[in-house]
2 protein chains.
Amino acid sequence: MEEKNNTISSKTYDLIKKDIIFGKLKPASKLKLDNLKNNYNASLSTIRETLNRLSSEGFVKAEEQRGFFVNSFTKGDLIEIANLRILLECHAIKLSIDNGDTNWEGNIVAARHKLHLLEKEMQKDYKKFKEEWKKYDLEFHLALVSNCRSSNLLDLHTILYDKYIRYQMAVKEYRGKESEEEHKKIFEAALNRNSKEASETLETHILKELEHTLKIFNN
Amino acid sequence: MEEKNNTISSKTYDLIKKDIIFGKLKPASKLKLDNLKNNYNASLSTIRETLNRLSSEGFVKAEEQRGFFVNSFTKGDLIEIANLRILLECHAIKLSIDNGDTNWEGNIVAARHKLHLLEKEMQKDYKKFKEEWKKYDLEFHLALVSNCRSSNLLDLHTILYDKYIRYQMAVKEYRGKESEEEHKKIFEAALNRNSKEASETLETHILKELEHTLKIFNN
DNA sequence: AAATGATATAATTTTGAAAATATATGATAT
DNA sequence: ATATCATATATTTTCAAAATTATATCATTT
């Protein structure tokens with residue numbers, strides 16, 4: 001009855017995507033098919049399938065007859081992505097709050113709690129918990145927008161979140177308290193069903209993260 | 001020096017995408033690999049590559065180990081897509097107008113002129129010119145947003161436009177005069193650099209098209 | 001020394017076939 | 001008749017190798 005990830009192709013897709021997001025596969029690096037084939041234990045055609053998907057989503061750049069590359073980091077791209085995330089996520093959170101119900105509220109409380117636990121860990125050891133934190137940060141943001149009643153919007157948002165977070169995962173320092181404070185404010189606005197405030201606080205949150213993340217271009 | 005469409009894979013991608021958009025490959029129909037292989041003269045792996053890309057973009061649904069299907073038509077999906085198109089395109093047109101320059105203005109005039117020619121043809125023979133009209137309608141809408149200075153936004157918008165237009169291409173009647181009048185208003189607002197009015201007129205335009213397109217569910 | 005061109009090497013693209021899985025068919029039992 | 005199971009067929013998934021194209025190497029010419 002399982003419906004996901006039974007094929008080598010989709011498992012490989014997840015692995016490569018993860019390695020791109022967390023920088024194990026570095027920005028602008030060439031993705032040589034033969035290397036990937038060996039590193040991920042899949043055949044060439046299977047690797048090509050996953051790279052085609054990743055290139056559609058914008059994690060990978062395909063140059064015909066010259067091969068595949070991890071998308072480069074550029075200041076302009078980061079700014080575009082952050083602003084697009086604001087457009088989608090702020091729109092979605094408003095719809096979501098306006099449709100909010102008991103179950104949705106429960107999910108937010110749970111997600112916020114788990115995120116908070118990871119935030120404490122992050123204070124202690126950023127590098128160690130980065131990957132797990134990312135999981136719960138996404139879960140929190142998804143819980144907030146999950147009631148927007150548009151699966152097209154949700155799918156798009158998740159891709160934009162991942163594209164944004166790839167940049168943030170490259171920053172060496174954790175933003176800490178400030179970020180946690182913002183999460184708290186968004187959380188409270190959502191529970192109060194104040195969609196305007198939630199949206200504005202979320203926008204501020206993403207813009208501050210952007211500012212922090214832009215540091216990767218200073219040196 | 002050419003940089004696009006030299007591979008069988010990308011040519012096949014264009015062909016299949018076109019056939020989905022114009023309904024030659026019908027909504028919800030099974031995309032049997034062996035059939036596609038014969039109809040598009042490409043090998044199985046190549047076909048799979050294109051289907052993986054199309055599934056990332058949401059034209060095709062991939063069910064693991066069960067195969068690929070053209071995405072179904074549903075009322076809810078159409079409404080989601082139209083609203084997402086409004087969100088992206090209205091945002092982009094405002095940015096574009098605010099950054100507008102001479103060259104951009106020239107492109108809009110040219111695109112509007114070509115679209116207008118096709119609109120006249122459409123009055124005479126809808127079925128015959130549908131495909132060509134779609135090309136110039138997209139060109140017009142793209143010209144309007146082209147100055148938004150976000151390639152991420154532009155790429156996303158084009159996908160949403162195509163996803164929307166697949167539904168519209170399934171409508172039997174041309175909307176005619178009303179639609180042409182709306183195009184004219186958007187055009188004039190853009191030339192007057194009135195981004196607020198352009199955005200509002202564009203939203204109305206898309207909502208009216210949505211209303212018209214929803215007819216495909218009445219029978 | 002720089003540029004050009006020929007050759008060799010490496011990489012991508014495409015194919016056809018093997019392996020794995022799902023679906024259809026038909027026989028048997030309730 | 002309906003359900004269950006086993007078998008056969010069809011389809012998807014995966015692979016490995018051939019064909020094509022790009023890149024690197026090296027000799028030759030200016």
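We name chains A, B, ... by the order of the sequence lines, and we start the count at 1 in each one.
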I need the [atom1]-[atom2] distance between [X] and [N], as an integer number of Å.
X: B:Ile47; N: C:dT13; atom1: CD1; atom2: C1'; value: 14 Å
X: B:Leu36; N: D:dT12; atom1: CG; atom2: P; value: 9 Å
X: B:Arg48; N: D:dT12; atom1: CZ; atom2: C1'; value: 7 Å
X: A:Glu49; N: D:dT13; atom1: CD; atom2: P; value: 8 Å
X: B:Leu51; N: D:dT12; atom1: CG; atom2: P; value: 10 Å
X: A:Asn52; N: C:dT13; atom1: CG; atom2: P; value: 9 Å
X: A:Leu31; N: C:dT12; atom1: CG; atom2: C1'; value: 13 Å
X: A:Lys37; N: C:dA10; atom1: NZ; atom2: P; value: 16 Å

Under 4.0 Å between any heavy atoms, over every strand shown, what does A:Thr46 touch: base, sugar-phosphate, or nothing? Just pick one.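 Here A:Thr46 touches the backbone only, sparing every base.
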Please work out if A:Ile8 contacts a base, only the sugar-phosphate, or nothing of the nucleic acid, heavy-atom cut-off 4.0 Å. sugar-phosphate
Considering heavy-atom distances to DNA chain D, does A:Ala42 or A:Gln65 have its closest nucleotide positioned more toward the 5' end? A:Ala42
When B:Lys30 and B:Ser45 are each assigned the nearest nucleotide of DNA chain D, the 5'-most assignment goes to B:Lys30
Would you say A:Lys61 has more than 12 foreign heavy atoms packed within less than 6.0 Å of its NZ? no
With the side chain counted from C-beta on, respond yes when A:Tyr40 and A:Thr46 share a heavy-atom pair under 4.5 Å apart, and no when they do not. no
Is the closest side-chain heavy-atom distance between A:Leu142 and A:His157 below 4.5 Å?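 A:Leu142 vs A:His157: side chains touch.
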Is there a Watson-Crick or G-U wobble partner for C:dT30 with both distances under 3.5 Å, and if so, which one is it? D:dA1
Could you check whether A:His212 and A:Glu209, counting side-chain N and O atoms only, form a donor-acceptor pair closer than 3.5 Å? no
5'-most by nearest nucleotide on DNA chain C - A:Asp34 or B:Ser43: A:Asp34
For D:dT23 and A:Arg66 - does any side-chain N or O of the residue sit under 4.0 Å from the phosphate oxygens OP1/OP2?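 The answer is yes; a side-chain N or O of A:Arg66 sits under 4.0 Å from OP1 or OP2.
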Centroid-centroid under 6.0 Å between B:His91 and A:His91 rings: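 Not close enough - the centres of the two rings lie 6.0 Å or further apart.
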